[in-house]
Chemist: 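Pasting in a structure now, in structure tokens, and then I'll have a few things to ask.
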Amino acid sequence: MTPLFVWAQEQLCDLLGRSARRHPQAWEAGPKTRLLIENGCGASAEEWLSTLAQAFPGPEQPFQVRFVNNRLDRHQLLPEAQVYLTTHLCQRLLKRAPQLNWIHLAVGGVEFLEPLVIPAHVKITTAAGLSAAGIAEHVIGLIIALDRRFDLAFGRQRRGRWSQSGILEHIHTLRGKTLGILGMGHNGQALIPPARALGMRVIGFDKRGNLRLDGLEKLYGADGLPNLLRESDFVVVCLPLSKETHRIIGSEALAWMRPSAYLINVARGGLVDENALAQALRRRQIAGAALDVLTVEPPPRSHPLRGCPNLLITPHVAGNIYTFRKEIQQQFIENLKAYLKRGEYLQSELAFY
Ligand code: GLV
């Protein structure tokens, strides 16, 4: 961080602090747990209030809840909050929140935690896995769309053209094709049953090379990436983003893929080297790709993948289905009940801190 940036940040906090002193939102004094929710996190404030009222009926709730609608609210309320429901975290926020002892992150991918120092008494839970079924459906949709050249058919439809050329001869069945999954966490595992139901062979890559998973024909460990890529007709990236996995699909990995193979990324944009992928697509080194995530969302006009052939892009929607919101609320309520009983196990707690 440059000194100028730090100075500007301090000035802003100072300014916010001064206005915050005049800001009406505050915690009540007393022993009730102070629960802070970023507005729109998993539900609107009204939905959260009604979900909490249903889960904790009666005249007195054992907590007080406040919502963050803007920076001022956060500045004012975070220092005394004990429980924080959010989708993002940074060291600066943590520093300003010495009373926090449980943070629930209503997202699956939490790569932003990697550089942070989290105090040992702070429990972190996440929504990892909640949207796995939705993501699996999205991936199966993309596999079929790529294999059946829906992009060509729909493009022709929009232009009022009827032509089978380039589509009919392209269509194969998925039966017997190999699906290679990178990352056998919740999302990777959720792909096995639907792929098997389509008659696909499923193989996986995961650094925990000793997992036993029904329907998975083969699991490659840390040094098995080249083999998985050489064997797969469809490669699906479901890995968490970290220093270790950053740009794991680069020019070398793309060269290991078959010229007839497709790449699908539904995890994080940073797992794929987008310049290398653009080059591979333009040179027809692989058959095509489908991306639900990009390194910069939305992509700038100058993005290397703009205008690439045989590329389908969806705007980071694979996991964001309506039921996911309901499940976020349910998971949080169950965890809140356990938290209020003190010491009970919280679901989906990150264990590596
Ligand atoms: C969405 O991308 C998530 O990580 O939940």
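Every number for a ligand or one of its atoms is a count from 1 in the order of the listing. For the single chain, residues carry numbers from 1 onward in sequence order. Note that the structure is predicted; figures quoted are calculated from it, not measured.
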Chemist: Does the plane of the ring in F112 sit parallel, tilted or perpendicular to the ring in H88? Use 30° and 60° as the thresholds.
Modeler: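 Judged by the thresholds at 30° and 60°, the geometry between F112 and H88 is tilted.
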Chemist: Between W102 and Y84, is the gap from one ring center to the other below 6.0 Å?
Modeler: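 Not under 6.0 Å, so no.
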Chemist: Anything under 30° is parallel, anything over 60° is perpendicular, the rest tilted; go ahead and classify H170 against Y262.
Modeler: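 H170 and Y262: perpendicular rings.
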Chemist: Regarding S251 and Q279, do their side chains bring together a donor and an acceptor under 3.5 Å, going by distance alone?
Modeler: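 No - no donor-acceptor pair under 3.5 Å links their side chains.
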Chemist: Write out the protein residues near ligand 1, meaning a non-hydrogen atom under 4.0 Å from one of its atoms, in order of chain and number.
Modeler: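 The 4.0 Å shell around ligand 1 contains V107, G108, G109, R268, H316.
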Chemist: In chain order, what residues pass the side-chain contact (heavy atoms from CB on, under 4.5 Å) check against E28, with sequence neighbours excluded?
Modeler: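 E28: side-chain contact (heavy atoms from CB on, under 4.5 Å) contacts with Q64, R66.
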Chemist: Could you check whether Q329 and T51, counting side-chain N and O atoms only, form a donor-acceptor pair closer than 3.5 Å?
Modeler: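 Checked: T51/Q329 side chains pair up, N/O donor to acceptor below 3.5 Å.
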